[in-house]
Asks: 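Handing you a structure now.
What you see is a predicted model; the values in this text were computed from it and never measured. The analysis underlying the following values was restricted to heavy atoms, covering all of them including side chains, and did not include hydrogens, waters or symmetry mates. Throughout, protein chains are lettered first and strands after them, A, B, ... in sequence-line order, and every chain is numbered starting at 1.
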Protein chains: 2
Amino acid sequence: MTIDDLVEQLRDRGQRATTARRAVLAELLDAGDTHLTADELARRIHAHHPAIHLSTVYRTLDSLTTAGLIAVARFADQPVTYHLATEVHHHAVCARCGATISFSPRVLEPVARRLERDYGFRADPQHLTIQGLCADCSARSGQSRGS
Amino acid sequence: MTIDDLVEQLRDRGQRATTARRAVLAELLDAGDTHLTADELARRIHAHHPAIHLSTVYRTLDSLTTAGLIAVARFADQPVTYHLATEVHHHAVCARCGATISFSPRVLEPVARRLERDYGFRADPQHLTIQGLCADCSARSGQSRGS
DNA sequence: CTTGATGCAAATGGTTTGCATGTTT
DNA sequence: AAACATGCAAACCATTTGCATCAAG
């Protein structure tokens, strides 16, 4: 997966390939698994393109999301984060220490089947976040439970 | 489940039973399944207690959440909503028409088992929202999108 | 009467928007 | 050239906070 691939996809969806969009895609590609907020993206982009404004980053993220190139992830109270949509995944977040685990959509298949069977609902979970306790914290805390 | 029950629970957790808290609990009880935003709550409360300030509602919601009496639900871009924690449930939200289905935590058990087995992660999903298409929209799939 | 909750106003922080200008096609 | 994207500053909206006052235990 290269920036040119992404730019091509962009064009295929009828969107223009501007400097800002290339820059956003480049940074997201560079970030790998890491999810970035609009602000973090803007900061990184500024290193190479000081003129690209935060508001443009927001608009760009919006276009790219609409185009289906990137996906949005929402963690608790934190600002929204973005990542390439190349591979869907979900998160398990430890409520105590904040550790996050990524897991495959396959894990949710039983749920999807159940919702389809019971309600005719066709689940298409884009980015789920499941709370809980990671192995370490759950070992350390025994039965007592935090908020 | 009555307001007095709730107030008792509140006291049990060492929190004070103030007018604001009673009012918030009363409205949430009255709302039933409907999830309310802080603003909606404040508006309703104003009918009986015009002096209760929105910021107090926020603080109250915070206390009640900490006390475990109410739970938070986050829908897409909308402001956070609250509901009584009497019974945990999750939501399937139609990405097209916005229809929501509530489903039981039992549906998620296979996922919880899987996360525990694979990662030692003990899931405690407080309020999940799964996107997808409701039966109706998925039947007439391919149309324009409402809000 | 002590601790904690409230009202108010003002601040915060993430995100959006109007408009004139610049860039992509 | 036409359509669209951008920079900037200002608006927006949900939520939070400092502080003086008030109510619950």
Asks: Rounded to whole angstrom units, what separation is found between the CG atom of Asp77(A) and the C1' atom of dT16(D)?
Replies: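 After rounding, the gap between these two atoms is 12 Å.
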Asks: How do Ala38(B) and Arg22(B) order along DNA chain D: which one's closest nucleotide is nearer the 5' end?
Replies: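 Result: Ala38(B).
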Asks: Salt bridge check, Asp4(A) against Arg11(A): does any charged N sit closer than 4.0 Å to a carboxylate O?
Replies: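 Salt bridge between Arg11(A) and Asp4(A), a charged N being under 4.0 Å from a carboxylate O: no.
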Asks: Can you see if the side chain of Tyr58(A) gets near the phosphate of dT16(C) - specifically, an N or O under 4.0 Å from OP1 or OP2?
Replies: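 Indeed not, no polar side-chain atom of Tyr58(A) lies that close.
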Asks: Heavy atoms only, 4.0 Å cut-off, all strands: where does Arg21(A) land among base, sugar-phosphate and nothing?
Replies: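 Here Arg21(A) touches the backbone only, sparing every base.
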Asks: Measure from CZ on Arg16(A) to P on dA2(D) and round the result to the nearest Å.
Replies: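 Checked: the CZ to P distance equals 13 Å.
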Asks: Short question: side chain of His89(B), backbone of Glu87(B) - any donor-acceptor pair under 3.5 Å?
Replies: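 Flag set: sc His89(B) to bb Glu87(B) pair under 3.5 Å.
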Asks: Please report the distance, rounded to the nearest Å, between NE2 in His53(B) and C1' in dT17(D).
Replies: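 Computing the His53(B):NE2 to dT17(D):C1' distance gives 12 Å.
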Asks: CG of Leu54(B) versus P of dC13(D): gap in Å, rounded?
Replies: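 Those two atoms, CG and P, are 14 Å apart.
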Asks: Can you tell me whether the side chain of Arg59(B) and the base of dG4(C) have a donor-acceptor pair closer than 3.5 Å?
Replies: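 In this structure, the two groups form no donor-acceptor pair.
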Asks: Compare side-chain N and O positions of Gln78(A) against OP1 and OP2 of dG13(C) and report whether any pair is under 4.0 Å apart.
Replies: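 Answer no for this pair, as no side-chain N or O of Gln78(A) is under 4.0 Å from OP1 or OP2.
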Asks: Grab the CG-P distance between Leu61(A) and dT6(D) for me, whole Å please.
Replies: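 That distance rounds to 11 Å.
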Asks: What's the CZ-C1' distance between Arg11(B) and dA24(D), to the nearest Å?
Replies: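 In whole Å, dA24(D) C1' lies 8 Å from Arg11(B) CZ.
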Asks: Between Ser55(B) and dT15(D), is there a contact of a side-chain N or O with OP1 or OP2 at under 4.0 Å?
Replies: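 False: Ser55(B) side-chain N/O out of range (4.0 Å or more) of dT15(D) OP1/OP2.
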Asks: Classify the nucleic acid contact of Thr19(A) as base, sugar-phosphate or nothing, counting any heavy atom under 4.0 Å across all strands shown.
Replies: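 Here Thr19(A) touches the backbone only, sparing every base.
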Asks: Please compare Asp62(A) and Val57(B) by the position of their nearest nucleotide in DNA chain C and report the one closer to 5'.
Replies: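 Final value for this comparison: Val57(B).
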Asks: Provide, to the nearest angstrom, the distance between the CD atom belonging to Glu40(A) and the P atom belonging to dT15(C).
Replies: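 Checked: the CD to P distance equals 11 Å.
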Asks: Can you tell me if Thr18(B) touches the phosphate of dA24(D), counting only side-chain N or O atoms and a distance under 4.0 Å to OP1 or OP2?
Replies: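 Checking Thr18(B) against dA24(D): no side-chain N or O falls below 4.0 Å of OP1 or OP2.
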Asks: Atom CG of Leu36(B) to atom C1' of dA14(D): distance rounded to whole Å?
Replies: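 For the pair Leu36(B) CG and dA14(D) C1', the rounded distance is 16 Å.
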Asks: For Arg22(A) and Val7(A), indicate whether the former's side chain and the latter's backbone hold a donor-acceptor pair under 3.5 Å.
Replies: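 Here the side-chain-to-backbone pair does not exist.
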Asks: May I ask you to say what Thr60(B) touches in the nucleic acid, namely base, sugar-phosphate or nothing, with a heavy-atom cut-off under 4.0 Å?
Replies: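 It contacts sugar-phosphate atoms only.
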Asks: Taking the side chain of Gln15(A) as its heavy atoms from C-beta onward, which of dT15(D), dA5(D), dG7(D) lies nearest to it?
Replies: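 Selected nucleotide: dA5(D).
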Asks: If we ignore hydrogens and angles and just use 3.5 Å, is the side chain of His35(A) paired with the main-chain N or O of Asp33(A) as donor and acceptor?
Replies: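 Confirmed, His35(A) side chain pairs with Asp33(A) backbone.
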Asks: If you measure from CZ on Arg74(A) to CG on Asp77(B), what distance do you get to the nearest 0.5 Å?
Replies: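 Answer for the CZ-CG pair, Arg74(A) versus Asp77(B), is 5.5 Å.
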